[in-house]
Amino acid sequence: MKQSRAWQRMLSGRRLDLLDPTPVDIEVDDIAHGLAFVARWNGQTIGDFAYSVAEHSLLVEQIFLRLLPKATPGQRLTALLHDAPEYVIGDMISPVKTSVGPGYEELDKRLTAAIHIRFGLPAVTPVRLKKQIKKADKMSAWLEATQLAGFSKIEADKLFGKVDETLVRGLRLHLRPPVEVRQNFTRAHSKLLNLM
């Protein structure tokens with residue numbers, strides 16, 4: 001039986017095998033472009049533009065730095081790239097990920113490893129760092145839920161945990177055109193990579 005195609009051609013010209021990704025086929029411009037066009041919250045946010053995974057990733061890195069002001073550039077880059085596989089597999093809300101099962105998680109792990117190796121990071125994120133990034137990720141979700149997705153603070157507290165508001169003070173989410181978010185993502189990536 002003939003196997004179905006499991007690769008995708010990227011705008012860079014790379015052909016990324018989704019089942020067996022290799023670091024050589026990973027380009028930051030492809031990641032930034034894809035993430036800038038993937039909507040968080042299944043697009044159910046206020047405003048004239050979708051709140052993208054690229055915008056979310058920039059916010060997570062910013063919150064991560066507030067949580068850990070002495071974080072290394074490599075740790076910050078890991079935070080920025082925490083959802084990078086979604087540039088080819090899309091973003092699914094947590095309840096859907098759970099129902100899809102372990103297949104999605106395995107695909108995500110393989111893509112993450114290839115992305116990390118491509119940019120000089122450990123293939124597997126150390127557990128402690130992963131927990132710290134997840135904390136920033138949940139804080140980001142709380143902000144997104146309350147500022148863009150119509151959740152009350154009480155509802156967001158139940159779903160994402162109470163947020164230390166001193167850590168998110170002054171963070172106002174703004175929806176921007178994908179091209180602008182894409183440029184900011186590539187700039188942040190380049191800056192952190194150059195500091196490593």
Side-chain angles (χ1 to χ4, degrees), residues 8 11 18 28-67 76-109 111-112 115 125 130-165 167-189:
Q8 179 177 342
L11 288 177
L18 301 178
V28 70
D29 290 336
D30 293 332
I31 294 171
H33 182 83
L35 294 182
F37 283 93
V38 174
R40 296 257 305 157
W41 304 93
N42 283 338
Q44 299 301 305
T45 52
I46 60 168
D48 295 329
F49 297 102
Y51 186 75
S52 72
V53 175
E55 192 79 77
H56 163 78
S57 298
L58 289 162
L59 179 61
V60 168
E61 191 273 328
Q62 189 177 7
I63 294 170
F64 177 77
L65 186 58
R66 286 181 176 201
L67 286 168
R76 292 174 59 193
L77 184 58
T78 304
L80 180 69
L81 295 171
H82 79 284
D83 279 339
E86 294 178 9
Y87 86 108
V88 288
I89 59 176
D91 181 39
M92 287 189 221
I93 59 173
S94 296
V96 175
K97 283 181 187 175
T98 303
S99 67
V100 169
Y104 180 89
E105 188 177 342
E106 284 306 311
L107 185 59
D108 185 87
K109 282 181 183 177
L111 285 162
T112 296
I115 291 164
T125 304
K130 192 169 187 159
K131 285 181 180 177
Q132 292 164 327
I133 293 169
K134 189 64 182 170
K135 184 174 181 179
D137 191 31
K138 283 189 169 195
M139 292 172 80
S140 173
W142 187 93
L143 282 172
E144 294 163 21
T146 57
Q147 291 186 25
L148 301 174
F151 288 64
S152 69
K153 287 185 177 185
I154 293 168
E155 191 176 16
D157 287 349
K158 285 180 187 174
L159 290 170
F160 309 109
K162 284 189 180 259
V163 169
D164 177 351
E165 295 203 33
L167 287 169
V168 295
R169 186 172 290 134
L171 293 177
R172 296 291 311 154
L173 308 186
H174 303 284
L175 303 179
R176 302 181 289 168
V179 65
E180 191 178 319
V181 180
R182 181 181 69 208
Q183 290 167 347
N184 283 16
F185 186 95
T186 54
R187 267 197 299 272
H189 179 272

request  = Quickly, which of Glu55, Glu144, Glu86 forms a side-chain hydrogen bond (donor to acceptor under 3.5 Å, both in side chains) with Arg40? Name it, please.
outcome  = Glu144
Check [X] against [Y] and note the closest heavy-atom contact, atom names and distance.
X      : Y      : answer
Leu175 : Gly47  : CD1-CA, 3.5 Å
Arg182 : Val179 : NH2-CG2, 3.2 Å
Gln62  : Leu171 : NE2-CD2, 3.4 Å
Asp83  : Ser57  : CB-OG, 4.3 Å
Asp91  : Ala39  : OD2-O, 3.9 Å
Leu148 : Leu173 : CD1-CD1, 3.8 Å

task = Assess whether atom CG of Asp48 is packed by more than 12 heavy atoms of other residues, nucleotides or ligands within 6.0 Å.
result = no
ask   = Within a reach of under 6.0 Å around CD of Glu105, are more than 12 heavy atoms found that belong to other residues, nucleotides or ligands?
value = no
task = Hey, can you tell me if His189 and Phe185 have their rings parallel, tilted or perpendicular (30° and 60° cut-offs)?
result = parallel
ask   = In terms of ring plane angle, is the pair Trp41 and Phe160 parallel, tilted or perpendicular, where the classes change at 30° and 60°?
value = perpendicular
Could you tell me the separation between the [atom1] atom of [X] and the [atom2] atom of [Y], rounded to the nearest 0.5 Å?
X      : Y      : atom1 : atom2 : value
Thr78  : Gln132 : OG1   : CD    : 11.0 Å
Leu107 : Leu18  : CG    : CG    : 6.5 Å
Ile31  : Ile115 : CD1   : CD1   : 4.5 Å
Ile154 : Leu159 : CD1   : CG    : 12.5 Å
Tyr51  : His56  : OH    : NE2   : 7.0 Å
Lys162 : Lys138 : NZ    : NZ    : 15.0 Å

Student check: side-chain heavy atoms of [X] and [Y] closer than 4.5 Å:
X      : Y      : result
Asp108 : Ile89  : yes
Leu80  : Phe64  : no
Arg187 : Asn184 : yes

When you measure from the side chain of [X] to the backbone N and O of [Y], does any donor-acceptor pair fall under 3.5 Å?
X      : Y      : answer
Arg66  : Leu167 : yes
His82  : Ala79  : yes
Glu155 : Ala145 : no

request  = Return yes if a side-chain donor-acceptor contact under 3.5 Å exists between Asp157 and Trp142, otherwise no.
outcome  = yes
request  = Evaluate side-chain contact (heavy atoms from CB on, under 4.5 Å) for Glu165 paired with Lys153, printing each intermediate quantity in order.
outcome  = CA-CA 11 Å; Glu165 295 203 33; Lys153 287 185 177 185; 3.7 Å; yes
